[in-house]
Amino acid sequence: MSIEILANNQVQMIVVLIGIDVILGIIAALMKKEFVLGKVAGFMKKGVLVYVFGFAVISAVGGALPSLAMVTTAAYWLIVLALIGSILDNVGKIGVPIPKILRK
């Protein structure tokens, strides 16, 4: 896997969303006095490996096989939506009211 794959705009957006999610999750856990460093490490393993490297592989396959380009786009938007959902969940845990339609 080349560095170019990891440097594309879609991967950068995924990394930014993961960063926001982690920061908000830490804030929410600290506010509820439930912070456990091991949970952060576990999320970083799951979140970073699955989202970033998984998308990088899908992106590489989509680049090599143009007929699968739509799969790459769909995977990107599914990852973004999953991360936004997690971010909204953490914002709700902090105490910010989230509209009912956006809650799980």
Enumerate donor-acceptor pairs with a distance under 3.5 Å from any side-chain N or O in residues 15-30 to protein atoms, sequence neighbours excluded.
residue, atom, partner, partner atom, Å
Asp21, OD1, Ser86, OG, 2.9
Asp21, OD1, Asn90, ND2, 2.6
Asp21, OD2, Ser86, OG, 2.8

Pairs satisfying ring pair (Phe, Tyr, Trp, His ring centres under 6.0 Å), at least one member in residues 61-98, at least two apart
Phe55-Tyr76
Within this structure, what is the CE-CD1 distance for the pair Met13 and Ile79, rounded to the nearest 0.5 Å?
13.0 Å
Listed partners of Tyr51 passing ring pair (Phe, Tyr, Trp, His ring centres under 6.0 Å), at least two apart:
none
Identify the heavy atoms of Ser59 and Thr72 that sit nearest to each other, and give their distance.
CA-CG2, 3.8 Å
Hey, any chance Ile58 and Met70 share a hydrophobic cluster, counting ILVMFWY side chains that come within less than 4.5 Å of each other, even indirectly?
no
Can you get from Leu81 to Ile101 by hopping between Ile, Leu, Val, Met, Phe, Trp and Tyr side chains that sit under 4.5 Å apart?
no
Could you pull out the closest heavy-atom pair between Lys93 and Lys32, with the gap in Å?
O-CE, 3.6 Å
Spell out, yes or no, whether Val96 and Leu83 are grouped together once hydrophobic residues are joined by side-chain heavy atoms under 4.5 Å, including indirect joins.
yes
Establish whether Leu78 and Val61 are linked, either directly or via other cluster members, by ILVMFWY side-chain heavy-atom contacts under 4.5 Å.
no
Can you list every side-chain hydrogen bond (donor to acceptor under 3.5 Å, both in side chains) pair that touches residues 60-70, not counting sequence neighbours?
none
Where is the tightest heavy-atom contact between Pro66 and Ala64, given as atom of each residue plus distance?
CD-O, 3.4 Å
